[in-house]
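In what follows, a structure is listed as structure tokens, so that the remarks can point back to it.
Remember, predicted model here, so these are calculated numbers, not experimental data. Just so you know, ligand 1 is whichever comes first in the structure, and atom 1 is the first atom listed for that ligand.
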Amino acid sequence: MLSSSHAILNQENYKHAADAHNEMGLNSTLYLAYRDIPAILERHLFGRTKKESYRLLDFGCGVGLSTEIIAKMVMKAGYKVDVLGVDVSEENLKFARHRLPKGNFLKIEPNQSLQKLGEFDLIVCNFVLVELQQKNMLNVLKIIQPLLIDSGALIVTNCTSKAYKRSNKWYSFNNNFPQNEPTEIRNNKPKFQDDQPIKVQIFTHTAGNSASFTFFDFFHSGKAYRSAYEAAGLQLLETHKPIGRDSDGIPWRSEKEYSPYKIHVLYKQQPKLEMDLALPPVRAKL
Ligand SMILES: C[S@@+](CC[C@H](N)C(=O)[O-])C[C@H]1O[C@@H](n2cnc3c(N)ncnc32)[C@H](O)[C@@H]1O
């Protein structure tokens, strides 16, 4: 599943520079990927299910940053949380285990079925689909879908096309590499092509400790995400594109004008009742 050379390069990078990846925190553009999640959880999870404790799966948990942030948000809302993070990178997982000693973290193979892990109320898959070409993105979504309970929510966060546009300058995210040029013309406008590799660099603003991490994303259009969700039996309920505000206390750049991220909230598609399909249409008696 990690057949493309760019996906392999990413995994090589995690092997050699997982420590730099681990330095990334919320004093960054990444803050916007999480700022509005408490309200999303309220709307799509706590408001729909009444539980004392929630089972959280972080698919592609990396060094555990997304896992830690979301688990703390669930706890802050007054619930217990049982945490499982899975990833294909053992190097990243080592940092995740250190970051969240009470969580469970499991190394998986790229196309491994995870049904033995049981079901989850909340599944998070942040910045993972951008590391996969379309066919692999669909495989991952098909692996995730059966793990979600009927009243559960899946949160999938990835970059927008604006994030990759070289004229946009971000607080902690550099996209200014010559190869990041749109390769397709649609409606007379230059556009990135589905599966086009995009080089990106993220960096920290921590005084005296400036780390940076370079990797490749694959561009996916909104249409590509929507058709993959549908093919995997997932229903897209909400797309949220957070914009930077003065009250965030971060000296935003393009973040104040455009959203670098799109946060997709999905439910499991409910199968049509077989009875619905089998019964002939009701006719009025004459
Ligand atoms: C950019 S990191 C994001 C980490 C974490 N979700 C976060 O937002 O902090 C992407 C992670 O996805 C993992 N990944 C890539 N392909 C995967 C796959 N097929 N299955 C599981 N994890 C995968 C990588 O190893 C990496 O740790």
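- In summary, the aromatic rings of His6 and Phe215 are positioned with their centroids too far apart to meet the 6.0 Å limit.
- In this structure, CG in Leu147 is found 8.0 Å from NZ in Lys268, a value given to the nearest 0.5 Å.
- Under the 4.0 angstrom criterion for non-hydrogen atoms, Phe215 is not in contact with ligand 1.
- Distances between N or O atoms of Ser66 and those of ligand 1 include at least one value under 3.5 Å.
- Selection from Thr67, Val128, Leu30 by nearest heavy atom to atom 12 (O) of ligand 1 gives Val128.
- Heavy atoms of Val88 found under 4.0 angstrom from ligand 1 belong to the backbone as well as the side chain.
- Less than 4.0 angstrom separates some heavy atom of Tyr14 from each of these atoms of ligand 1: 1 (C), 2 (S), 10 (C), 24 (C), 25 (O), 26 (C).
- Residue contact check: Ser89 has heavy atoms under 4.0 Å from atoms 25 (O) of ligand 1.
- Residues Val83 and Asn104 have side chains not in contact (no heavy-atom distance under 4.5 Å, counting atoms from C-beta outward).
- Considering each of Asn139, Asn111, Asn126, the one bringing a non-hydrogen atom nearest atom 3 (C) of ligand 1 is Asn126.
- When each atom of ligand 1 is checked for a heavy atom of Tyr34 under 4.0 Å away, the hits are 8 (O).
- In Ala33, neither the side chain nor the backbone holds a heavy atom less than 4.0 Å from any atom of ligand 1.
- Remark: Tyr79 engages Phe46, Tyr54 in a ring-ring contact (aromatic ring centres under 6.0 Å, His included) (not counting sequence neighbours).
- Two different hydrophobic clusters hold Leu148 and Leu138 under the rule that ILVMFWY side chains link at heavy-atom gaps under 4.5 Å.
- Residue pairs satisfying the ring-ring contact (aromatic ring centres under 6.0 Å, His included) criterion with at least one member in residues 80-107, sequence neighbours excluded, are absent.
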Evaluation steps, side chain to side chain donor-acceptor pair (under 3.5 Å), between Asn126 and Thr157: CA-CA 5 Å; Asn126 280 5; Thr157 305; 3.1 Å; yes

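- Against a heavy-atom cut-off of under 4.0 Å, Gly62 is close to the following atoms of ligand 1: 4 (C), 27 (O).
- Taking the six-membered ring for Trp, Tyr171 and His205 have ring centres closer than 6.0 Å.
- Less than 4.0 angstrom separates some heavy atom of Leu65 from each of these atoms of ligand 1: 9 (O).
- Taking only nitrogen or oxygen atoms, main chain and side chain alike, Gly60 reaches within less than 3.5 Å of ligand 1.
- Not less than 6.0 angstrom separates the ring centroid of Phe213 from the ring centroid of Phe203.
- Atoms of ligand 1 found under 4.0 Å from any heavy atom of Phe59 (numbered from 1 in listed order, with element): 20 (N), 21 (C).
- With Leu114, Asp87, Thr157 as candidates, the residue nearest to atom 11 (C) of ligand 1 on a non-hydrogen basis is Asp87.
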